[in-house]
Structure formats: C-alpha cells, structure tokens
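To start, the structure itself, in structure tokens.
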Amino acid sequence: MSHDVTVPASGESVTSANVARWHKSHGDAVSKGDVLVTLETDKVSNELEADADGTLEILVNEGEEVDIGTVIARISDDAGKTQEKNEPEPSDQPDQPDQSDQPDQPAPPATGDAIDLVVPPSGESVTSANISKWHRKDGDTVAKGEILVTLETDKVSNELESPAAGTLEILVAEGEEVAIGSVIAKVAPGASGNDTGAAPKEEPNGTPTSVGPDAPKEPAPSSPPEKPIAEKSPSPAKPAERPKPDLSQLTRSPETTPSAGPETESPIAADDTEGRTTRRKMSMLRRKIATHLVNAQQTAAILTTFNEVDMQAVMQLRKEVQEEFVKKHGVKLGFMSFFIKAVTQALKDIPQINARIDGNDIVENHFYDIGVAIGTEKGLVVPVLRDVDQKSFAEIEKEIIAYAEKARDGKITIEDLTGGGFTISNGGTYGSLLSTPILNPPQSGILGMHTIQQRPVARDGQVVIRPMMYLALSYDHRIVDGKEAVTFLIRIKESLESPARLLLGM
C-alpha cells in the first residue's frame, strides 16, 4: 500500500507551486510527521509532512513547478518495512538479492552516479541566468558544500554549492546564458569524499565496484540546484547531445577575453587582441537596468524640481549625540535616517506622491516602504526598507548597513528589491553637486541627495557660510502636479532644517 504526497491548495488565486527543497532523499525510510519537502508559491512557503511510515519515492525534482493537486511523491508501507530491517528476506522476497549487489534496483541511484548541478529558479519573471564565474576548474576534486559557480540573473546573484564530494565536470563555460533548470555541470562522487568507501565512477555508463549501505543517500539534494533522482524526472533543459565547450577558455576571464563569447569572429574582436579595445558581454543586471531606465523614460512624464537645504542643524545634532548613540545602538547616526524620516513625513502630508498609476486607476499606498539606491561593482540595486514610519533612527541605520553588506557580497534577494513606494538616491557620496534622478517604476517619485558644500547664504540680512545640499525631486507628472511636488520638497527641507519636527510628526 502506498500514500500519495500531493501539492495542497494555498489560496484561491494560487494555481501552482515550486518544489523548493526535499528534506529527505529518494529511498529514505520516513516516519509519520517527518517534514518531507518545502513548497513555494508566489505568496507563501509550505512544508509537507509524511502521513505514514514507509519508504519515500520522489516523483518530482527540486526546482520543478507543478500544479496544485499534483502527486510529487509516494510513501510505500512495504518498502519502508523492508528498508528498516536493512536485510533481505529470502523466504518472502526470493527475487531480491543482497542490497550491495543489485544493480537493477529501480529506486535510488548508486553512489557512483554523477549528480547534476542545475540552475535554480530565481523568481517568477526570471527565465535565464548567466554563468558569471566558475570558482573551480573542470576535472577538479571538490568537497560537498564548496562554492562551485556564481550565477547572475537580471535581478540577483546566486552561488551554487557542490551537492557532494567528487570530481567536477563543467558543461557550460563562463559568460554563457542558460535557461532556468539547465544542467551546467556534474559532480561524480569519488573516493575523496565518499564516506561509504565506494570506488569512484570511471565511465559515464559504468557500474561502481562497490556500494555501501548508505549509498542511496549520497546523491541527496542539499540545496535548490540539486536533482534527487534525475532518471525519474529528468530536467527538460538538460543538454543531451550538447558538445562540451573548450574548457581551456575557463581559465581566462570573459571580461577581457573576446574569444570567450560568440562575437569571436567579429572584426572588432581582432582589435581586442591588440589591446586597443576590450569587448565583454553586458551583464544580465546591467541589461535589466538599461531596459528598466529606458522604459521609465518612455512610460512616465518625468519632471524634476529642485531646492536646497541647510544641513547645519542635522550636522550639529549628530555631533552632539553621536558618541552616546553609538554606545547604545552599536551603529553611527548617519544622514540617511534623517532623510528617510523626512521623506516619510512628507509622504504623509502629500499622499499623491505615495501612489502609482495602474492602467486607468490610481493606487494609493497606505504604507511607507522606502527604497535606498546602493551602488555596487555590478550596478545599482535598490533594496527596500519596510514600514519605516514604525522604525527608530537606530533600526533604520542598522537595516541600511545590513543591506549595504548584502549588496557588497552579492547576497541581495528578489524580496529585498520589491514593493517600494518611493526611492532615495544619494549621488553626494560620489561628489555629485546636482542631478536629475530617474524614476523607479511604478513609483511616482524619487529624491536625489547631493554633496554637502560650504556656501555663502543670506541669513537675517547677513551673508554667512553654511553646509548646503541641493535636493532634486523627480516625479511622474501624470499623477503629481507641480504644486504637490514643490510642497513635498519644501516639507523635506523644513524637517531637515528643524529636526525637532521629525520627533513631533510635523
């Protein structure tokens, strides 16, 4: 008797789910209540438990998207009892030889079978990824959990780890773009990391010389790129007859070597070898940014209004409380938390800027999620700080630091980048005196901060030197009128020139 493991319903509008991770391996003995698999939909994650004792038969691999109601695994009672005994029953099962020498066993793959390294899903709209960098070479011996490759999509970077110890066989060279679900490498388990003592596999279709009692667990998936049973549900993107790439190119950087890409035969590539030019592929992130910015220009009526703010009051306040602030919270009090608080108050006063156009409708936000633009070596990312109206200055500063570290390490996730209602961009960190920031659709406004410059200004009939900053507000004139934009910027100016207003909600 067997029990089906079925994808449950997760809401009216949810029609499919992604098999994110198997917590058990194909052929494992499981107990009722054991967590078997994590499913992800576009709304929630869900863990399914075993509803009976027995042996697990996985039918759908990690990374696959399936409809609600699909049977993704089965739990067999009889097989489970047999495996728990860990010995054959000659009287009841005459056709079952000893487990160590049954090559025709249809359940788990043998220890020597190569394990696929697969490009994992990275979000609903992401259909492909770029092989940014191989950290190991073809033929290298690798350890389980070792980082093998860095992938880049148009949204985030992702590092894939080795699913097992063994020998790496690279199938796709650096710089290549591949579909989600593609097999980009294989790891053939070998003696270097094989705890069961099985001999390494010598031929692609060969049979391992010995198989330990735990062999079925060796190719178990430990991360989203892995396939638990490739022969049960092979990846549709697996290149069956694909010729192997010239792996000599893998030791040369595609950033500076034109021969690594498809443009090798172009006339410009000949100049590259002479050192006059360098041709390299545009990263997926850069391509996405380019498309995003062009779309913003073409789909919104972007205008920019300017003002300037005297930063003396904020600078004086920071100087007075900085030492005590650091002792209490462990972070410095920066300028950005003041600007985020000022923007939040201005959005409350001018709600049209905290809105967006959706078709013929105007959608007004009643939450305050602010995106903060962060420059990285690979391009600009805009992680979102959630519900900043409910957070303290210290909480905001800590969150900004955490995002900056994630951006630096390439660990920003899709969830970090989605859902913002307004954006702040600080060009002043690079010395910009004045700029016209471009909208981050579908948002209707973006504030540009700039460098603080000591300038002469008139105060009470006197010329004094003050730390001044130009502010720029770009806005979508389809939804925001000039009066509202100017008033919004003045509200920010007033809050920064009199920081006490921020504490009083004025």
* Check whether any side-chain heavy atom of M469 lies under 4.5 Å from a side-chain heavy atom of L496, and answer yes or no. => no

* Asked: So, do E399 and K391 sit near enough that their side-chain heavy atoms are less than 4.5 Å apart?
  -> yes

* Would you say S495's side chain and R491's backbone share a donor-acceptor pair under 3.5 angstrom? -> yes

* Test item: R318 side-chain N/O and L333 main-chain N/O as donor-acceptor pair under 3.5 Å -> yes

* Considering only heavy atoms from C-beta outward, does the side chain of T429 approach that of F335 to under 4.5 Å? -> no

* With the side chain counted from C-beta on, respond yes when L151 and V149 share a heavy-atom pair under 4.5 Å apart, and no when they do not. => yes

* Side-chain contact, heavy-atom cut-off 4.5 Å: I353 with L473? -> yes

* Within 6.0 angstrom of E324 CD, more than 12 heavy atoms from elsewhere -> no

* Full working for side-chain contact (heavy atoms from CB on, under 4.5 Å) between I400 and L385 -> CA-CA 8 Å; I400 293 172; L385 282 72; 3.8 Å; yes

* Do the side chains of L160 and L148 get nearer than 4.5 Å, heavy atoms only? -> no

* To do: List the atom of R478, the atom of A301, and the distance in Å for their closest heavy-atom pair.
  => CG-CB, 4.0 Å

* Do any N or O atoms from the side chain of E176 and from the backbone of A173 form a donor-acceptor pair under 3.5 angstrom? -> no

* To do: Could you check if a side-chain atom of L171 sits within less than 4.5 angstrom of a side-chain atom of I184, using non-hydrogen atoms only?
  => no

* In terms of side-chain geometry, is the basic nitrogen of K483 or D481 positioned less than 4.0 Å from the acidic oxygen of its partner? -> no

* Considering non-hydrogen atoms only, spot the tightest contact between A485 and V480 and give its length. => N-CG1, 4.0 Å

* Identify the heavy atoms of P437 and A472 that sit nearest to each other, and give their distance. => CD-CB, 3.8 Å

* Asked: So, the side chain of D369 versus the backbone of D387: is there a donor-acceptor pair under 3.5 Å, distance only?
  -> yes

* Do the ring planes of F325 and H329 sit parallel (below 30°), tilted (30 to 60°) or perpendicular (above 60°)? -> tilted

* Smallest separation among heavy atoms of P467 and I452, with atom names -> CB-CG2, 3.6 Å

* Asked: When you look at D476 and I302, which way does the side-chain contact (heavy atoms from CB on, under 4.5 Å) test go after all the steps?
  -> CA-CA 5 Å; D476 189 346; I302 303 177; over 6 Å; no

* Picking from T413, I412, L417, what satisfies side-chain contact (heavy atoms from CB on, under 4.5 Å) with E415? -> T413

* Counting N and O atoms only, with roles assigned by atom type, does the side chain of N18 sit under 3.5 Å from a partner on the main chain of E40, one being a donor and the other an acceptor? -> no

* Asked: At their closest point, which heavy atom of N130 faces which heavy atom of G175, and how far apart are they?
  -> ND2-O, 3.2 Å

* To do: May I ask you to say whether K493 pairs ionically with E497, meaning some side-chain N is under 4.0 Å from a carboxylate O?
  => yes

* With side-chain contact (heavy atoms from CB on, under 4.5 Å) as the test, would you mind laying out the steps for Y470 and R455 before giving the verdict? => CA-CA 11 Å; Y470 287 119; R455 294 200 302 268; 3.5 Å; yes

* Can any side-chain N or O of S474 pair as donor or acceptor with the backbone N or O of I446 at less than 3.5 Å? -> no

* To do: Apply side-chain contact (heavy atoms from CB on, under 4.5 Å) to M449 and M336, showing your working.
  => CA-CA 9 Å; M449 299 166 56; M336 186 58 76; 3.8 Å; yes

* Any side-chain hydrogen bond (donor to acceptor under 3.5 Å, both in side chains) pairs touching residues 440-452, not counting sequence neighbours? -> H292-N440, T423-Q443, S435-H450

* Side chain of N365, backbone of F367: donor and acceptor closer than 3.5 Å? -> no

* Asked: Do V343 and Y368 have side-chain heavy atoms sitting under 4.5 Å apart?
  -> no

* **R287 bridged to E177 by N-O distance under 4.0 Å** => yes

* G166 backbone acceptor or donor facing K144 side chain under 3.5 Å -> no

* To do: May I ask you to say whether E159 pairs ionically with K411, meaning some side-chain N is under 4.0 Å from a carboxylate O?
  => yes

* Could you grab the distance from atom OG1 of T38 to atom NE2 of H23, nearest 0.5 Å is fine? => 2.5 Å

* **Backbone of K332 reached by a side-chain donor or acceptor of Q322 within 3.5 Å** => no

* Is the backbone of M468 close enough, under 3.5 Å, to the side chain of D310 for a donor and an acceptor to pair up by distance? -> no

* Where N158 and P120 come nearest, the two heavy atoms and their spacing -> ND2-CG, 3.5 Å

* Asked: Is atom CD of Q462 surrounded by more than 12 heavy atoms (other residues, nucleotides or ligands) closer than 6.0 Å?
  -> no

